[in-house]
Amino acid sequence: MDKLIVHGGNQLSGHINISGSKNASLPILAASLLTKEKVTIANVPDVSDTNYMLQILSALSAEVERFSGRFNIEAKSVRTSAPYELVRKMRASICVMGPLLARLGETRVSMPGGCVIGDRPIDLHLKGLQALGANIEMDGGDMVLSTPNGLTGTEIDLQGKHGPTVLGTDNVMMAATLAKGTTIINSAACEPEVVDLANFLISMGAKISGAGTRRIIIEGVEKLHGTTWNVIPDRIEAGTFMIAGAMAAGSEGITLNRVNREHMAVITEKIEEAGHICNFSHDDTSVTVIPGETPQGCEITTNPFPQFPTDMQAQFTAMFATTPGISLVVDTIYPQRFMHCSEMKRMGADIDVDNGRAVIKGVGKLSAAPVMASDLRASAALVLAGLTADGSTHISRLYHIDRGYEHIDEKLLQLGAKVERVSE
Ligand code: EPZ
C-alpha cells in the first residue's frame, strides 16, 4: 500500500490541467453496453474507479481498447452478469444494471457493499427498474433482474429520503432509452454528470429531454448506435484544487485549466464568501484562485445539485480548520460523512461533530501527524490539511485517493507542493 508524505509550508504557484470527470465517466462507460457498435470516449481520467469499470466491461465480453485517456469500446455480444469480485470493489458498478437489462432483458449484479460515508441503499434504482417492468429476485447476495415482456415506459418518481439519486436516475434513464413507449422520471437528479450522460445517450440516438431538470422524458427507440464522446471536466477535482489555492497559494494564486465554471458556481461562491479570490478566464475554462487577506468562516449545507455538493464538504472543512472564526458544515446527503474530522483533530483541528453536522473553530495552524485516509474525499481533505500544517503529514491508505484523483501527487508537485508517494 502507498502513502503520501505532505511537507507543509510550501507556497503553491503555477497551473495544472483538470482531468475528465470520474462521476460522468462511470455511467457513460456503462452506457456503451447499450449498443453493438463501437463507442469512443475521450477525457476519461486514469483512476482506479474508471479502471474497475473497464475491467467490468471486459468481463462482460465488451472489447476495450485504451489509448491514454481515450477508450474504444465495442460490446458486440454481452454476458448477463458482472463478476462479484469486481463489482464488490466499486459501488458505481451498479450502473451496469440498467444497460444490461435494456440490452439483454436479464442481468445478475451483486448487491453493492457498505461504504464508510454511510448507508448506500439502492432501493430507488430497483423501484425505477421494477416500474419499467423488471422482475427482481435475490439469489446469494446477487440481484437477478429479468423482463419477460421487455421494458415498457411509465412515469416514475425517484425522490428518496435524502433527495434525488444520481446513479439511480442514470440507471433508469439508460434502461428507458430502449423501452417501449415513453418514460417520465420525476424528482430526477440534475447533476452535470447526469446531463453529460443524457447528452452522450442522445448522441447514440436516444430521445431524451429535460436532463438537468427534475423531470426527464425519455422516448424509447429500437436501438442505439455508436458515437464519439468527450467527458466533461471533473468539478470536484477542480473544487479540491481551488481549496488548495485558497489555503496555500502565494499572492499570484494558482491557475486551473480545463474547468467548467457553470458546474462549479456554488463552490466558487462559497470560496469567495470565505474571503478568497476566484478569477475566471474570459471563456470560463480556467480559474485563478488567490488567498484572501481576511478569510472568514462560513456555513455550508450540502444538498442535491445545483446546491452545495456533498463531495466538497470535507475539503472545505480542511480550509475552515485554519480559517479565523467559526464555520458550520451540515451534510444532508450523507449525515455520517465526517470520518476526516477525527483525523484532522489529530492534527490539532478544533471540530465538534454531532448528528450530521460539524462545528469548526479555526486555529492558527495545524501540526503534522500520521493520519489515515478513509474515503475518497476525506483523503483529499487530509492532503489539503497537510499543505499548511507544521511538519510532514503521512497519509496512509492512499488507494482511497487514487480511486478518484488522477495523479494527485504529480499535480501537487507541479504546483510547487512538497509531496512524496512512498510504499509502506
Ligand atoms: C453519486 O453517488 C456520486 N458517485 C457520489 O460521489 C456523490 O456523493 C453522490 O452521487 C451524491 O451526490 C458517482 O456518481 C459515481 P445518490 P450515488 O444515489 O449516485 C440515498 C464521490 O466521492 N439513496 O445520489 O450512489 C443515498 O443513501 C462519490 O465521487 C437512497 O436512499 O448517490 C444518499 O443519501 C461519493 N436510495 C442520497 O440518496 C437509493 O436507491 C444520494 O445518493 C439511492 C440513493
Side-chain angles (χ1 to χ4, degrees), residues 19-31 44-45 47-50 52-53 56 89-98 111-131 136 143 156-174 185 187-197 214 231-232 234-240 263 266-267 302-315 330-337 339-340 356 373-381 400-406:
S19 301
S21 164
K22 161 183 88 85
N23 289 351
S25 299
L26 294 171
I28 285 173
L29 289 167
V44 174
V47 295
S48 44
D49 274 11
T50 50
Y52 286 143
M53 181 57 80
I56 290 169
K89 287 181 181 170
M90 180 180 65
R91 168 191 161 71
S93 325
I94 199 77
C95 62
V96 300
M97 213 161 48
M111 280 291 277
C115 170
V116 289
I117 65 176
D119 186 17
R120 305 290 297 271
I122 57 164
D123 57 306
L124 298 171
H125 297 241
L126 301 179
K127 173 187 170 189
L129 295 174
Q130 254 166 342
I136 301 173
M143 293 169 292
I156 305 161
D157 191 305
L158 289 183
Q159 178 71 15
K161 60 180 185 303
H162 293 285
T165 163
V166 172
L167 289 180
T169 300
D170 294 346
N171 248 332
V172 174
M173 180 164 65
M174 289 188 280
I185 304 176
S187 309
C190 305
E191 274 68 6
E193 295 78 25
V194 175
V195 177
D196 204 28
L197 171 65
R214 290 272 178 257
V231 169
I232 56 171
D234 194 311
R235 62 189 168 107
I236 306 299
E237 184 197 25
T240 304
H263 295 168
V266 73
I267 298 170
T302 70
N303 273 300
F305 194 87
Q307 296 181 63
F308 191 91
T310 173
D311 292 350
M312 277 300 305
Q313 57 99 335
Q315 298 91 314
V330 179
D331 197 327
T332 68
I333 310 269
Y334 297 118
Q336 291 95 357
R337 195 176 195 173
M339 299 281 285
H340 45 287
S374 54
D375 79 271
L376 170 54
R377 307 304 173 184
S379 323
H400 287 293
I401 293 189
D402 292 335
R403 295 192 58 150
Y405 287 91
E406 187 176 49

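For reference, positions follow the sequence shown, starting with 1. Ligands are counted one by one from 1 in listed order, and the atoms in each one are counted from 1 as well. It should be emphasised that the depicted structure is a prediction, and the values quoted were computed from it without experimental measurement.
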For the residue pair Ser19 / Asp234, report whether a side-chain donor-acceptor contact shorter than 3.5 Å exists. no
If you scan protein heavy atoms around atom 2 (O) of ligand 1, the nearest is Arg120 NH2, 3.5 Å
Of Ser21, Pro27, Pro121, Ala314, the one whose closest heavy atom lies nearest atom 44 (C) of ligand 1 is Pro121
Would you mind telling me which of Arg235, Arg377, Gln315 makes a side-chain hydrogen bond (donor to acceptor under 3.5 Å, both in side chains) with Thr240? Gln315
Nearest heavy-atom approach of Ala24 to Glu193 is N-CG, 3.6 Å
Heavy-atom nearest neighbour in the protein, as seen from atom 42 (O) of ligand 1, with distance rounded to 0.1 Å: Tyr334 OH, 3.7 Å
Check contact between His125 and ligand 1, using heavy atoms of the residue and a distance below 4.0 angstrom. yes
For Lys22, is the nearest heavy atom under 4.0 Å from an atom of ligand 1? yes
Is the closest basic N to carboxylate O distance between Arg337 and Asp311 below 4.0 Å? yes
Among protein heavy atoms, which sits nearest to atom 15 (C) of ligand 1, and what does the distance come to when rounded to 0.1 Å? Asn23 OD1, 3.3 Å
To check your reading of the model: name the closest protein heavy atom to atom 11 (C) of ligand 1, its residue, and the distance in Å. Thr310 CG2, 3.9 Å
Does any N or O atom in Glu191 lie less than 3.5 angstrom from one in ligand 1, N or O only? no
Can you report which non-hydrogen protein atom sits closest to atom 35 (C) of ligand 1, along with the distance? Arg337 NH2, 3.6 Å
Could Glu237 and Lys22 be called an ion pair, given the rule that one side-chain N must be under 4.0 Å from one carboxylate O? no
The closest protein heavy-atom partner of atom 8 (O) of ligand 1 is Asp311 OD1, 2.6 Å
